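These notes are about the structure you will find just below.
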Number of protein chains: 2
Amino acid sequence: MNLKELSKHLGLSQTTVSRALNGYPEVSEATRARVVAAAHANDYSPNTRAQGLATGLSRCIGHVISVGDSGEMVNPIFGDFMAGAGETYAAHGYDMMVTRVGERDEAETYRRLKARGAVDGLVMHSPRFNDSRLDLLNDLGLPFVVHGRSSGAQVPYSYLDVNNRRAFYETTRHLTGLGHRRVALLNGQEQLDFAIRRRQGYEQGMQEAGCDIDPDLMAQDEMTEDYGYRTAISMLDLPSPPTAFLVSSIICAAGVRRALDDRNLRPAKDVSIATFDDCLSYFRNSAAPPVFTAMQSSVRAAGATLARMLIDRINTPNAPHTQTLWEAEFVVGASTGPIKD
Amino acid sequence: MNLKELSKHLGLSQTTVSRALNGYPEVSEATRARVVAAAHANDYSPNTRAQGLATGLSRCIGHVISVGDSGEMVNPIFGDFMAGAGETYAAHGYDMMVTRVGERDEAETYRRLKARGAVDGLVMHSPRFNDSRLDLLNDLGLPFVVHGRSSGAQVPYSYLDVNNRRAFYETTRHLTGLGHRRVALLNGQEQLDFAIRRRQGYEQGMQEAGCDIDPDLMAQDEMTEDYGYRTAISMLDLPSPPTAFLVSSIICAAGVRRALDDRNLRPAKDVSIATFDDCLSYFRNSAAPPVFTAMQSSVRAAGATLARMLIDRINTPNAPHTQTLWEAEFVVGASTGPIKD
DNA sequence: GGGCCATTCCAAAGCGCTTTGGCAAAGTGC
DNA sequence: GCACTTTGCCAAAGCGCTTTGGAATGGCCC
C-alpha cells in the first residue's frame with residue numbers, strides 16, 4: 001500500500017494524508033485520527049526512498065568499520081557499541097548502515113557514501129594519529145562525530161573519548177604504589193590514537209615513580225586473547241620479568257591470566273594485572289570484587305551518546321563542536337596486589 | 001553533482017549517461033569511456049534513493065538483531081558475522097542495514113522494513129523453536145535466509161546451519177570415551193534452536209554411553225564469561241561434581257577455565273573442558289595444540305556464505321530453497337584428557 | 001447580506017534516477 | 001540507389017513521497 005492508494009481509500013488527497021501522518025497543523029484532529037488509524041490498519045509506512053528523495057534526507061547513519069590491512073581482527077567492542085547507538089537511532093527514527101572496508105579503500109568509501117546521498121551523517125571509528133579522514137569528512141561536508149580523538153588534527157570536530165591518558169597514568173601509579181617497578185604495557189596498535197595516549201599515561205606514571213621504561217616490557221598489537229597470552233608468556237620468560245601487567249582490553253587480559261596460569265603464577269599474589277574494561281556485555285567484570293582491577297567505561301553507553309551527538313549535529317550543523325571526555329572508573333579487583341618481597 | 005549536471009557537462013542526454021554507466025549496449029564504447037572518466041573525475045555516484053525509487057530496489061540488506069527482553073547481552077559473534085557478510089555485500093554492491101530491536105517489537109520491525117521498502121532482503125538471526133518469524137517473513141514476501149534453523153517450522157526456507165546436534169553428540173562421546181561419566185552441559189538459552197539441538201546431541205551421547213543425565217549438570221543462559229564461571233563454580237561444589245564440561249561458546253569456556261583455576265583444578269588433568277568455537281577473530285583457539293578441545297565453525301565464513309545465499313535468493317526468488325549444513329571441525333586441544341582414577 | 005478570517009483540504013511540481021518508445025545517421029544487402 | 005537493419009543517441013514518463021500555492025467551506029462581525 002502506498003500513499004496514493006491510502007488516500008484514495010480514505011477519500012482524501014495525498015497532501016492531506018501526508019500532512020496528517022507527519023503532524024502538520026493544517027489537518028483537523030478528527031481527520032488525522034482517521035488517517036492514522038487507516039495507515040495502521042493497512043500497515044502503511046511511507047517508502048523510505050521516496051521520502052528521502054523528496055526531503056533530501058536519508059534518515060540513515062553510516063558506520064564505516066575498517067578492517068585493517070595490517071590485521072584481520074574484528075573489534076570485539078563493535079557489537080556493544082552498535083547496540084548502544086542502535087537504540088538511540090531507533091528512538092529518533094534513524095536507520096543504521098554499516099560498511100566494512102579495507103583501510104586502503106576508506107577514503108573512496110566515505111566519498112561514495114556522500115555522493116550517493118546514502119547517509120545523513122556518520123560515526124568515525126578508531127581514529128589514528130593525525131587522521132586524514134578528518135579533513136576528508138570536513139571537505140565532504142558530511143556531519144560526523146568521532147569515537148575517540150585524533151591528536152595532531154588541525155580541524156575542529158566533535159568527539160567522545162575516554163580520558164585514556166589519565167586512566168593509564170593513574171592505574172600505573174596504583175601499581176607502582178603497590179611496589180611494582182617492572183610494569184609491562186600490553187597496548188593496542190599504536191597507530192591508533194587511544195593507544196598513543198594510553199602509552200603516554202603509562203610512561204608518565206612510570207617516570208614519576210622513578211621506574212625504568214623498558215622497551216622489552218612494552219608491546220602493541222591487535223587486542224586478541226592470543227596476543228595477551230603470547231606476549232605475557234614471552235615477558236614472563238625474560239631474565240627480569242614484569243611483576244605487573246597493564247593491559248588495554250579485557251579480552252587481552254584474559255590471555256594474560258591464562259599465561260599466568262600456565263606458569264603457575266597466581267594473579268594478585270605473584271603477578272598483578274590491571275586492564276581497561278569496555279564493559280562488554282558478554283565479558284563482564286562486575287563481580288564483587290571484580291575479577292580484574294580495571295579502568296571501566298561502557299562502550300555501549302558511548303555508542304548511545306555518540307549517536308545522540310551525531311543526530312544533534314545533523315539537526316544543527318553549525319552548532320559549535322562538542323567535545324566530551326569521560327573519565328574511566330577505576331575499580332580495584334582481585335587481580336592486583338602488593339609486590340612480593 | 002547529479003545526473004543532470006553530469007550529462008549537461010558532457011553534452012549528452014541523461015539517458016545516455018545513465019546507460020553508459022550501467023553497462024547497457026546501446027552506447028558506443030568511446031562514449032562510455034568518456035562518461036565513465038567524467039563520472040570519476042567529478043566523483044559522481046548515482047543517488048541511492050533516486051536509483052532505488054526508479055528501480056524499485058534498495059540494494060540494501062537488513063539485519064535485525066533482537067536484544068532479548070530476557071537479557072541484555074549483545075551476541076559476541078555479531079561483529080565477526082557482520083564482517084563476513086559485509087565483505088560479500090560490498091562485492092555485490094549491496095549496503096547493510098542493522099536494526100536493533102527488543103523482542104516484543106520484532107514483528108512490527110520486520111513489517112515496517114518491508115512496508116518502507118527499506119531492504120531487498122534480510123538475514124534472520126537466532127531462530128527459536130518453531131519460530132513465528134518464518135511465517136511472518138513468508139507472508140511479507142521479503143526474501144530472507146536464516147542463520148541457523150527452526151525445528152518444527154512448517155514452511156520451507158533457506159538456511160545455513162552448523163550440525164550442532166552431531167557436533168555435541170560426538171564431542172560428548174569423545175568425553176565419555178575418555179572415561180568421563182559426569183559431563184556437564186553449559187548450554188545457550190534453550191528457547192534458541194541451536195541450543196535445543198546441542199542438548200539433544202549431548203543427551204544422546206550420554207545415553208549411548210550409559211551415563212546418567214543429571215539435571216544438576218545442565219545449565220542454560222546467555223553465553224557470557226560470567227555465566228561460565230558461576231555455573232562451573234556451583235557445579236564443582238556439588239557433592240558429586242562433573243569431571244568434564246561441555247560448553248556452548250568459547251567465551252563461556254574461558255569462564256569455566258577461570259573457575260577451575262579458582263578451585264585449583266588443572267584443565268585436562270583434573271577436569272576436562274570441550275567447547276564450541278565460532279572462530280572469533282579476537283578469541284582464537286588456533287595454537288598448536290589448541291587451548292580448548294573444540295568443535296570449530298567460523299561464524300565469519302557463515303556470514304559471508306549466508307550473504308551470498310541471500311543475494312542469490314533476491315535475484316531468483318522462486319528458486320528452490322537451499323539448506324546447507326556445515327559440520328563443525330573437531331579438534332583435540334589441551335583442555336581434555338582421560339578421567340582421573 | 002457582504003466582507004474577512006480561519007479552517008480544511010487539494011492539484012501539481014519536483015526530488016534524481018531508470019526506462020520506454022522513438023528518431024536520425026550510418027551501415028548493409030541486393 | 002533503394003529498402004532495410006543496426007547503431008547511437010534523446011525526450012519524456014514515472015517511481016512515491018513532500019511541499020508550494022491556491023481554493024472552497026463555514027463562521028463571524030458589522
Side-chain angles (χ1 to χ4, degrees), chain A residues 1-36 38-39 42-60 93-95 112-120 315, chain B residues 1-39 42-60 93-95 112-120:
Chain A
M1 160 111 12
N2 60 25
L3 225 212
K4 197 177 189 174
E5 291 162 11
L6 181 63
S7 47
K8 183 163 296 172
H9 173 71
L10 280 161
L12 293 170
S13 75
Q14 298 189 36
T15 310
T16 303
V17 175
S18 170
R19 287 187 156 154
L21 292 173
N22 291 316
Y24 284 79
E26 295 94 335
V27 181
S28 71
E29 280 313 314
T31 306
R32 189 193 308 282
R34 202 161 66 90
V35 169
V36 169
N42 296 284
D43 95 350
Y44 165 81
S45 288
N47 181 290
T48 321
R49 301 183 300 274
Q51 200 168 33
L53 191 54
T55 58
L57 297 171
S58 63
R59 300 225 56 136
C60 184
Y94 277 87
D95 289 320
R112 272 176 45 89
L113 238 28
K114 164 70 177 182
R116 299 193 307 142
V119 300
D120 292 342
N315 292 335
Chain B
M1 160 114 10
N2 61 22
L3 225 212
K4 197 177 190 174
E5 290 162 12
L6 181 62
S7 47
K8 183 163 294 172
H9 173 72
L10 280 161
L12 291 170
S13 75
Q14 298 190 35
T15 309
T16 302
V17 174
S18 170
R19 289 189 153 153
L21 292 173
N22 291 317
Y24 282 80
E26 294 93 335
V27 181
S28 72
E29 280 313 315
T31 307
R32 189 192 308 283
R34 203 162 64 91
V35 170
V36 168
N42 296 284
D43 91 359
Y44 165 81
S45 286
N47 182 290
T48 320
R49 299 183 301 273
Q51 202 168 32
L53 192 53
T55 59
L57 297 171
S58 64
R59 301 226 56 139
C60 185
Y94 277 88
D95 289 320
R112 272 176 47 90
L113 239 28
K114 164 69 177 184
R116 299 191 308 143
V119 299
D120 292 341

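Reminder, nothing fancy here: chain letters follow the sequence lines and each chain counts from 1. These figures come from a predicted structure and were not determined experimentally.
- You'll find the side chain of A/Val17 reaches within 4.5 Å of the side chain of A/Leu3, heavy atoms only.
- Pairing each heavy atom of B/Gly117 with each of A/Asn47, the nearest pair is CA-ND2, 4.4 Å.
- Each end of the helix from C/dG1-D/dC30 to C/dC30-D/dG1 gets its own axis from five base pairs, and the two axes differ in direction by 40°, given to 10 degrees.
- Applying the salt bridge (charged side-chain N to carboxylate O under 4.0 Å, His left out) rule to A/Arg116 yields the partners B/Asp95; only residues at least two apart in sequence or on another chain are considered.
- Within the structure, side chain to side chain donor-acceptor pair (under 3.5 Å) contacts touching residues 3-13 of chain A (residues at least two apart or in different chains) are A/Ser13-A/Thr16.
- Looking at A/Glu26 and A/Thr15, their side chains never come closer than 4.5 Å, going by heavy atoms from C-beta outward.
- Between B/Ala118 and B/Cys60 the shortest heavy-atom distance is O-CB, 3.7 Å.
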* Heavy atoms under 4.0 Å is the rule here; annotate nucleotides 4-10 of chain D 5' to 3' with B where the base is hit, S where only the sugar-phosphate is, and - elsewhere. => ----BBB
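- Minimum heavy-atom separation, A/Ser58 to B/Arg49: CB-NH1, 3.5 Å.
- Annotation: salt bridge (charged side-chain N to carboxylate O under 4.0 Å, His left out) contacts of A/Arg32 (sequence neighbours excluded): A/Glu29.
- Residue B/Ser18 is classed as a base contact, given a heavy-atom separation below 4.0 Å to a base.
- Protein chain B contacts DNA chain C over a range whose 5' and 3' limits, counting nucleotides with an atom under 4.0 angstrom from a non-hydrogen atom, are C/dG16 to C/dG21.
- With DNA chain C read from its 5' end, the first of the two nearest nucleotides for B/Asn22 and A/Ala50 is the one closest to A/Ala50.
- Scanning both residues, B/Ala39 and B/Leu21, for their nearest heavy atoms gives CB-CD2, 4.0 Å.
- Side-chain contact between A/Arg59 and A/Thr48 is absent, with no heavy atoms from C-beta onward closer than 4.5 Å.
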